[in-house]
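Take a look at the structure below.
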Amino acid sequence: MDILQQALSAYHQGHTRMALTLYKTAVQTYPKDPSVYFAFAQFLLLTKEFPLAEKVIGMGKRLAPNTQEALYLEAFLVLATSNDVDKALKLYEETKQRFRGNLFAITSAFGHLFSKYSHYNQSLNVLENALAIDPYEQQASYHYAYIGYTKLGDEQTIKDILIPAVEAGKHWVEHINLLASYYFNKDDGAQMKALVNLPTLTENEKRCALTYLSLYKWYHCELKELPPLLKELPTYKNKEEFEKVRICAVFQKLLIDISKYDKTHGITRTNAGTPVYLVGDSHTLNAAYLPLGHKHYIRPILAMGVKAFHATSQDTTMMQTLFKEKLAQVPANSTLIVTAGEIDCRHDEGLLPYLEKHPEVNAESYIHDMVSEYVTSVIDWVKHKNIKLYFWGVPAPKPLLTQAPQATWDKLAVIRKLFNDALQKSTQQHKVGYLDIYTKSLGDNGFAQESSMLDYHHITPNFYLKLIEPIAHSIDV
């Protein structure tokens, strides 16, 4: 049905109001077709319009009371509104019993649904039924490995499920992204090169694998020039298409921006001298191998996607393990700078969405406690190494009004100040170093100076050189 395709396309492109109008038109045009109501209800659940979604599901059920779609949407509604996993599991079992001929689609859909609401073990149990039917099926194999590895820290799901699917040529770009990131986290350059040369890769998949290999070379001071495939950003048909390769696309753009900046500003990078280790998120990328004083240089170690939150007791994912593993690579008696927190302080991720969802939480106290635990955890993880430790702050925000209104950026400016205030206070209490990126990047009205920013998240390499001046002299001496 064309109008449903148009509505779905509008939603994937981020045009929610247009999609809503199209779905309402579809219901008016086809009032006796239950599939229209179920498609509309799915959209309403995704956009968190739960009371209306419940009403529309009911209208669809009156036309077709015992369908697979109705039972699935009921489970979706239950998890979204009450997070009653037992009730959702009963609906899954009922759906499975009634529609045995469509078992694969049912297990795949419900497995993804349980994962969406953080019921990871239930999700894996459901997805195992799909993989028993076809161990290489793309959707089930990807989600099983993704949940197992990134949410539960089980590397065996990569080895047992993802790698065989990729080797069999049964992969999407999501498989390649996950496998390449796994090899990157393991610092396995040989496997990354083999993945790039896999003959079954599409151009999009090859670009993704090549981005991770280029990152690997960059972090080992081996990347002299970007490969031709990475020099220009591709055009994506819609938001959904971009989201499939978002991490690859972000790092590809960052590599392009840094390469251009280095050429324009004559930035010299070196691995000559004694390393000062920089462990953390993507902010390690543009500081990589910058000279530090006369005898030292920045040796980066990327814990991809790490947040300050991942160093707290609230984190239950593999990210805390990854953070610890990367810190463990730093030799004893070294100088170490840790950078995390910028991802916690974005407009669409971390602290701001959480605090907006929980208005009863005191923002200042919550941020203080989280940052304090982040600092304490890192100190504890490296305490046996006699390390001279510094923490980098988070830069002032640079608003992007095409992504969020000014009011959102105003809230974010407050959050970043609270984060940096808490970080400075905690480092002083523990008598470790604090590098004040926030105040130095600050311009008017709580936002970043244009000259300090490489993009909307990262500061320029020259700004990093200014930032590390306070420690350059002390370590040279």
Side-chain angles (χ1 to χ4, degrees), residues 1-119 122-123 126-127 130 139-140 143 237-241 243-244 348 353 356-359:
M1 199 177 294
D2 286 345
I3 193 167
L4 292 181
Q5 288 296 327
Q6 292 169 18
L8 186 61
S9 177
Y11 169 68
H12 285 316
Q13 292 176 39
H15 305 307
T16 306
R17 286 187 179 180
M18 182 188 296
L20 178 62
T21 300
L22 287 166
Y23 278 117
K24 286 181 176 179
T25 302
V27 167
Q28 292 167 356
T29 307
Y30 304 99
K32 299 290 180 68
D33 188 338
S35 67
V36 173
Y37 292 94
F38 294 143
F40 186 20
Q42 172 112 351
F43 164 77
L44 293 169
L45 288 167
L46 290 170
T47 54
K48 301 182 180 180
E49 298 289 344
F50 302 129
L52 184 55
E54 185 174 15
K55 180 180 178 182
V56 173
I57 292 170
M59 294 166 73
K61 285 177 66 179
R62 280 195 287 274
L63 294 169
N66 296 312
T67 63
Q68 178 182 320
E69 292 82 358
L71 290 166
Y72 169 78
L73 290 169
E74 278 190 71
F76 197 153
L77 183 64
V78 164
L79 290 173
T81 54
S82 66
N83 207 17
D84 187 340
V85 66
D86 292 331
K87 188 173 181 180
L89 281 168
K90 287 178 182 177
L91 287 164
Y92 161 66
E93 291 295 339
E94 183 181 348
T95 309
K96 194 170 65 169
Q97 292 300 321
R98 285 190 180 186
F99 303 96
R100 289 181 176 276
N102 205 14
L103 186 59
F104 178 79
I106 292 167
T107 53
S108 188
F110 273 88
H112 182 58
L113 181 62
F114 285 118
S115 169
K116 180 180 176 67
Y117 289 96
S118 302
H119 299 294
Q122 289 86 347
S123 179
V126 169
L127 287 169
Q139 184 166 316
H143 285 298
K237 291 184 290 186
N238 51 47
K239 183 180 179 182
E240 183 187 31
E241 192 75 17
E243 284 299 321
K244 291 177 181 178
D348 57 351
E356 287 185 330
K357 188 177 179 180
H358 299 279

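Residue numbers run from 1 in the order of the sequence given.
With S108 contributing its side chain and F104 its backbone, the two residues share no donor-acceptor pair below 3.5 Å. No side-chain donor-acceptor contact under 3.5 Å links S9 to the backbone of Q5. Without hydrogens or angle criteria, S115 side chain to G111 main chain gives no donor-acceptor distance under 3.5 Å.
Residues satisfying the salt bridge (charged side-chain N to carboxylate O under 4.0 Å, His left out) criterion with E94, sequence neighbours excluded, are R98. Considering only residues two or more places apart in sequence or on other chains, H119 meets the ring-ring contact (aromatic ring centres under 6.0 Å, His included) condition with none of them. Considering only residues two or more places apart in sequence or on other chains, E241 meets the salt bridge (charged side-chain N to carboxylate O under 4.0 Å, His left out) condition with none of them.
Shortest non-hydrogen contact noted between L4 and A26 is CD2-CB, 4.0 Å. Considering all non-hydrogen atoms of both residues, T67 and A70 come closest at OG1-N, 3.1 Å. Across all their heavy atoms, L22 and A10 have their closest contact at CD1-CB, 4.4 Å. For the pair Y37 and D33, the tightest heavy-atom approach, listed with the atom from each and the gap, is CD1-O, 3.3 Å. Closest approach of G60 to P34, counting heavy atoms only: O-CB, 3.9 Å. Taking each heavy atom of F38 and A64 in turn, the nearest pair found is CZ-O, 4.0 Å.
Between atom CG of residue L91 and atom NZ of residue K87 there is a gap of 7.0 Å, rounded to the nearest 0.5 Å. Going from atom CG of L103 over to atom OG1 of T95 covers 11.0 Å, rounded to the nearest 0.5 Å. To the nearest 0.5 Å, the span separating CG on D86 from CD on Q122 amounts to 8.0 Å. The distance from atom OG1 of T21 to atom CD of Q6, rounded to the nearest 0.5 Å, is 12.5 Å. Going from atom NZ of K48 over to atom CG of L46 covers 10.0 Å, rounded to the nearest 0.5 Å. Annotation: the span from R17 atom CZ to L20 atom CG amounts to 9.5 Å, rounded to 0.5 Å.
With respect to the salt-bridge test (charged N to carboxylate O, under 4.0 angstrom), the residues K90 and E93 do not qualify.
Taking the six-membered ring where the residue is Trp, Y23 and F40 present parallel rings, their angle staying beneath 30° rather than reaching 60°.
Note on residues 106-115: no pairs pass salt bridge (Lys or Arg N to Asp or Glu O under 4.0 Å), not counting sequence neighbours. Residue pairs meeting the ring pair (Phe, Tyr, Trp, His ring centres under 6.0 Å) criterion with at least one partner in residues 48-87, sequence neighbours excluded, are Y72-F110. Residue pairs meeting the side-chain hydrogen bond (donor to acceptor under 3.5 Å, both in side chains) criterion with at least one member in residues 51-64, sequence neighbours excluded, are K61-E74.
Residues L71 and F99 are in side-chain contact: their nearest non-hydrogen atoms beyond the backbone lie under 4.5 Å apart. Side-chain contact between F114 and L127: absent, with no pair of heavy atoms (C-beta onward) separated by less than 4.5 Å. Residues L79 and K116 fail the side-chain proximity criterion, which asks for heavy atoms closer than 4.5 Å.
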